[in-house]
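Since the structure comes first, as structure tokens, the remarks are kept for the end.
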Amino acid sequence: MPDPPPVVLDRLRLPSDPSALYQELRAAHGPVAPVLLDGDIPAWLVLGYRELHQVTADPVLFSRDAELWNQWPRVPDDWPLLPVVGPARPPVPHPAGEARVRRAALIADALTTVDPARLRGYAERFADALVDGFCARGTADVIGEYATLLPVRVLAAVFGFPLEEGPGLAAAMNEDGATDGGQRLARAVAGLLERRRRTPGQDIASRLLASPEGLPDEEIARDLTAMLTAGHRPTADWIGNSLRLMLTEDRFAASLFGGRRSVVEAMNEVLWEDTPTQNVVGRWASRDTLLGERRVRAGDLLVLSLAAANSDPGIRADRTAPTGGNAAFFSFGHGAHRCPFPAREIAEVIARTAIEVILDRLPDLDLAVPPRALTRRPSPWLRGLSALPVRFTPTTVVGPEY
């Protein structure tokens, strides 16, 4: 019997119930499913936990080098997923092989220098300032007024930006029109590097500028922009998804009454069941191979479904069982190109602090709408709420705005 046709990764179905779609794909195609991206561009969606482990553990066979892609002749210049793929198109130079490993090590080393106490201090300061902006009203949208504004401000501070630039960077990062926001972000990063060349500080930008590798400013600017982008939205969605879970699931009710352990458990549960990064582009096969009994050709694109792998019944037969402290999820990737551990720690500090501050400040926080009324942004890549309306007893501000 012939296989069912490839599934189009549309922008409407995934936000509502991605787990059902992954289950259908797994039943119809197995752990590796043919899919069509925008413009009917073919790719493979890696659904299986073991198969995803195989792909991410072999960076030679399954490369990050987008120049290998056998579909470039079909990709138009205005293809909407070009920013997701990475380099615009060949022959844009980008680090590969040992150079990529060295660059990743430099970035991880710079992130390691972030002082945890200073990081948490920034997170608490900006979180309190944001809560001050709506705490007297008794109602708020936790997504638009809090979660999407906090991570970039904290990251900007530890990267070396002046604190007063934080709100503008947050606005640029959250703009629907990516072009204007991207241009403002690029100008801000260029200005940061120019200042830090003249006056180094104890920050990530200064650390990269002082690297013995002697990286040019344009490469450092690209790395800083990528780190801001990769760190901001997923962390914001981690905050929003965790608060949604705590406000809708009885077993996390203790979190709403000062139970700090429940906050950590809820955050871990989200990384298994509602991970912000759902699907990632990707890897490209460097030669013909078999994966999950599928014939993958040289140059084929593999989209990594982190969310589907996390729910693979082969490793999680009972998804109703609490995950506890199990951290074997794929939410931060795996292998040589996984999210650097220091970056994961930074995201965790920001997200946990954000949740603890708002629950401490607004202890009777509750949903202002039925749970079924909550909607998701239409994206197959990042999973987050469009809004999270809440209500609470109005309180007074605790300090000046920053």
Side-chain angles (χ1 to χ4, degrees), residues 9-22 123 126-127 130-131 133-134 137-154 170-171 173-176 178 181 229-253 255-256 262-263 265-280 306-307 310-311 329 331 347-348 350-359 361-362 365-392:
L9 286 183
D10 60 75
R11 304 172 70 87
L12 297 176
R13 188 176 178 191
L14 274 170
S16 60
D17 189 7
S19 61
L21 176 58
Y22 300 141
F126 298 141
L130 291 171
V131 174
F134 55 75
R137 290 204 317 258
T139 62
D141 169 20
V142 170
I143 302 302
E145 297 182 83
Y146 189 69
T148 61
L149 301 180
L150 180 60
V152 67
R153 291 189 64 178
V154 180
M173 294 287 287
N174 289 303
E175 262 193 10
D176 289 334
T229 303
H232 167 61
R233 175 58 75 173
T235 305
D237 288 337
W238 197 6
I239 296 167
N241 293 354
S242 298
L243 284 169
R244 182 207 65 82
L245 181 64
M246 288 185 275
L247 291 168
T248 58
E249 293 284 340
D250 290 341
R251 59 197 170 102
F252 292 108
S255 301
L256 305 178
S262 293
V263 172
E265 290 175 353
M267 290 173 62
N268 195 75
E269 187 82 5
V270 162
L271 293 178
W272 275 108
E273 297 291 344
D274 199 19
T275 182
T277 305
Q278 293 275 300
N279 301 292
V280 176
L306 310 183
N310 285 347
S311 62
F329 43 71
S331 299
E348 185 171 354
I350 295 172
R352 180 174 177 176
T353 303
I355 296 167
E356 291 176 349
V357 166
I358 197 170
L359 295 182
R361 293 283 306 276
L362 310 172
L365 192 73
D366 196 11
L367 274 181
V369 298
R372 64 180 178 277
L374 299 175
T375 59
R376 305 280 185 165
R377 295 192 317 275
S379 170
W381 313 109
L382 294 176
R383 181 168 171 81
L385 293 165
S386 302
L388 185 60
V390 296
R391 58 175 176 250
F392 46 87

Problem set entry | Side-chain heavy-atom pair Trp238, Thr277 within 4.5 angstrom cut-off | no
Problem set entry | Value rounded to 0.5 Å, distance of CZ in Arg352 from CD1 in Ile239 | 13.5 Å
Seminar exercise, completed: Value for CD (Glu356) from OG1 (Thr353), rounded to nearest 0.5 Å, stands at 6.0 Å
Exercise. Ala147 and Ala236: which non-hydrogen atoms are nearest, and at how many Å?
Worked result: O-CB, 3.1 Å
Exercise. Listed by chain and number, what are the side-chain contact (heavy atoms from CB on, under 4.5 Å) partners of Ala140, not counting sequence neighbours?
Worked result: Phe134, Arg137, Glu145, Val390, Phe392
Exercise. How far does CZ of Phe126 sit from CG of Leu150, to the nearest 0.5 angstrom?
Worked result: 8.5 Å
Exercise. When rounded to the nearest 0.5 angstrom, what distance separates CZ in Phe329 from CG in Leu306?
Worked result: 11.0 Å
Exercise. Taking side chain as C-beta onward, heavy atoms only, is Glu273 less than 4.5 Å from Asn310?
Worked result: no
Exercise. Side chains of Leu130 and Arg153: does their closest heavy-atom pair fall under 4.5 Å?
Worked result: yes
Problem set entry | Side chains of Asp237 and Arg377 in contact at under 4.5 Å (non-hydrogen atoms) | yes
For this session: Return yes if some donor-acceptor pair links the side-chain N/O of Asn174 with the main-chain N/O of Thr148 below 3.5 Å, else return no.
Result: yes
Exercise. Are any non-hydrogen side-chain atoms of Ser262 and Met246 less than 4.5 angstrom apart?
Worked result: no
Problem set entry | Set of residues satisfying side-chain contact (heavy atoms from CB on, under 4.5 Å) with respect to Thr248, sequence neighbours excluded | Arg244, Leu367, Pro371
Exercise. With distance as the sole test, does Tyr146 use its side chain to make a donor-acceptor pair with the main-chain N or O of Ala354 at under 3.5 Å?
Worked result: yes
Exercise. Does Thr275 have any side-chain hydrogen bond (donor to acceptor under 3.5 Å, both in side chains) partners at least two apart in sequence or in another chain, and if so, which?
Worked result: Ser331
Exercise. Which heavy-atom pair separates Pro276 from Val270 by the least distance, and what is that distance?
Worked result: CD-CG1, 4.4 Å
For this session: Under the side-chain hydrogen bond (donor to acceptor under 3.5 Å, both in side chains) rule, collect the residues that match up with Thr235, sequence neighbours excluded.
Result: none
For this session: Taking side-chain hydrogen bond (donor to acceptor under 3.5 Å, both in side chains) as the test, write out the residues that go with Asp274, two or more places apart.
Result: Arg376, Arg383
Exercise. Of all heavy-atom pairs between Asn241 and Gly384, which one has the smallest distance, and what is that distance?
Worked result: OD1-CA, 3.8 Å
For this session: Any chance you could lay out the side chain to side chain donor-acceptor pair (under 3.5 Å) test for Tyr22 and Asn279, step after step, and finish with the verdict?
Result: CA-CA 11 Å; Tyr22 300 141; Asn279 301 292; 3.1 Å; yes
Problem set entry | OG-CD distance between Ser242 and Glu265, expressed to the nearest 0.5 angstrom | 12.0 Å
For this session: Dump the intermediate steps for side-chain contact (heavy atoms from CB on, under 4.5 Å) on Val357 and Arg361, then the final yes or no.
Result: CA-CA 6 Å; Val357 166; Arg361 293 283 306 276; 4.1 Å; yes
Exercise. Are the side chain of His232 and the backbone of Pro151 linked by a donor-acceptor contact shorter than 3.5 Å?
Worked result: no
Problem set entry | Residues in side-chain hydrogen bond (donor to acceptor under 3.5 Å, both in side chains) contact with Arg391, at least two apart in sequence or another chain | none
Problem set entry | Residue of the set Val142, Leu243, Ile350 for which side chain to side chain contact (heavy atoms under 4.5 Å, CB included) holds with Ile355 | Leu243
For this session: Could you tell me whether a side-chain N or O of Asp141 sits under 3.5 Å from a main-chain N or O of Ala387, the two making a donor and an acceptor?
Result: no
Problem set entry | Side chain proximity check, Ile143 to Ser386, heavy atoms < 4.5 angstrom | no
